[in-house]
Number of protein chains: 2
Amino acid sequence: MLTKEELPVCPVATTVDLIGNKWKLLIMRELLKGTKRFNELHKAIDGISQKVLTENLKKMEADGIIVRKAYPVVPPKVEYSLSELGDSLRPIIDAMSDWGTNYIKENLM
Amino acid sequence: MLTKEELPVCPVATTVDLIGNKWKLLIMRELLKGTKRFNELHKAIDGISQKVLTENLKKMEADGIIVRKAYPVVPPKVEYSLSELGDSLRPIIDAMSDWGTNYIKENLM
DNA sequence: CGGTATCCCTAAAGATACTG
DNA sequence: CAGTATCTTTAGGGATACCG
């Protein structure tokens, strides 16, 4: 969680601190499609380990970007979804997706 | 430089591979303002070391995102600017900047 | 199923000194 | 000024085992 003291008061740096790494961006991409269970995320994000996924989900939950909902059932069921704040990041991920799509088209086909 | 073999054929992941880390995003932010000399970047990007700046600039140049121009003068003068490809990332950085601006306004003031 | 808890390892980053 | 070179440190991440 960012506090007023340690937050760099710069718009880009602020955003970077919240989602500016590979795994968080890929988690965002999945959750923008809708609510997902832990294992769905694990399978959808290529190369991520259970540990790293858990760690990033915790950070993002602490930052208020995602919401974790655990159902008291056996076997356990946990769902992750975007908070309102998280969903407001949609334009950024969309922009990255659009750019990547175009890049692939231009450079790799 | 990305090759066809190692490139994840996913739009978001492609973009993430090229600029999805803290330092590259902050370098992009500076170069979107215009051409900058090495020392200007060093001073503008808080906390970055000379070594890390050099390394990231080299990677970004290899990826075709930025252009390095060295003038044969003493003392040396080197200017960095965005390539056309790099400039096409502007909407993404702008989106991050806009989001960060709003976040700061909503949550820290 | 959805995690913890360990241990380990390496790539990334920091510190410092030097140079064309 | 714009780097390189070298060394050291740290943190991110992989592997494995276990648990409610």
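Naming convention: chains lettered A, B, ... in sequence-line order (proteins, then strands); numbering from 1 in each chain.
Minimum atom distance to the side chain of B:Val52 is reached by C:dA13, of the listed C:dG2, D:dG3, C:dA13. For A:Arg68, counting side-chain heavy atoms from C-beta on, the closest listed nucleotide (C:dG14, D:dA2, C:dG3) is C:dG3. Comparing C:dG14, C:dG20, C:dG2 by their nearest atom to the side chain of B:Pro76 picks out C:dG20. Closest to the side chain of A:Thr54, out of C:dG3, D:dG3, D:dG13, is C:dG3.
For the pair B:Tyr80 and D:dG3, the criterion of a side-chain N or O lying under 4.0 Å from OP1 or OP2 is met. The phosphate of D:dG14 has OP1 or OP2 within less than 4.0 Å of a side-chain N or O from A:Ser49. Residue A:Lys58 places at least one side-chain N or O under 4.0 Å from the OP1 or OP2 atom of C:dT4. The side chain of B:Arg37 places no N or O atom within less than 4.0 Å of a non-bridging phosphate oxygen (OP1 or OP2) of D:dG3. The phosphate of D:dC1 has neither OP1 nor OP2 within less than 4.0 Å of any side-chain N or O from B:Lys36.
A side chain to side chain contact (heavy atoms under 4.5 Å, CB included) with B:Phe38 is found for exactly one of B:Lys43, B:Gln50, B:Arg68, B:Glu79, namely B:Gln50.
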*asked:* A:Cys10 vs B:Arg29, test: side-chain contact (heavy atoms from CB on, under 4.5 Å). Steps then yes/no.
replied: CA-CA 11 Å; A:Cys10 157; B:Arg29 182 198 59 187; 2.6 Å; yes
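The CD1 atom of B:Ile27 sits 15 Å away from the P atom of D:dA2 (whole-angstrom rounding). Straight-line distance from the CH2 atom of B:Trp23 to the C1' atom of C:dA12: 11 Å, rounded to whole Å. With rounding to whole Å, B:Leu57 atom CG is found 10 Å from D:dT4 atom P. Remark: P of C:dG20 and CZ of B:Phe38 are 18 Å apart, rounded to the nearest angstrom. With rounding to whole Å, B:Lys22 atom NZ is found 14 Å from D:dT10 atom C1'. The CG-P distance, from A:Asn21 to C:dA11, rounds to 19 Å in whole Å. We find that CD1 of B:Ile48 is positioned 8 Å from P of C:dG14, with the value rounded to whole Å. At whole-Å resolution of the value, CD in A:Glu40 and P in C:dG2 are 8 Å apart.
With the nearest nucleotide of DNA chain C identified for both A:Lys51 and A:Lys77, A:Lys77 has the one nearer the 5' end. Residues B:Asn56 and B:Gln50 each lie close to DNA chain C; by heavy-atom proximity, the contact nearer the 5' end of the strand is made by B:Asn56.
At least one side-chain heavy atom of A:Leu89 sits under 4.5 Å from a side-chain heavy atom of A:Ile92.
Atom NZ of B:Lys33 has more than 12 neighbouring heavy atoms from other residues, nucleotides or ligands inside a 6.0 Å radius.
Residues A:Ser88 and A:Leu85 approach most closely at OG-O, 2.5 Å, considering heavy atoms.
If you check every strand for non-hydrogen atoms under 4.0 Å, A:Pro75 touches sugar and phosphate atoms only.
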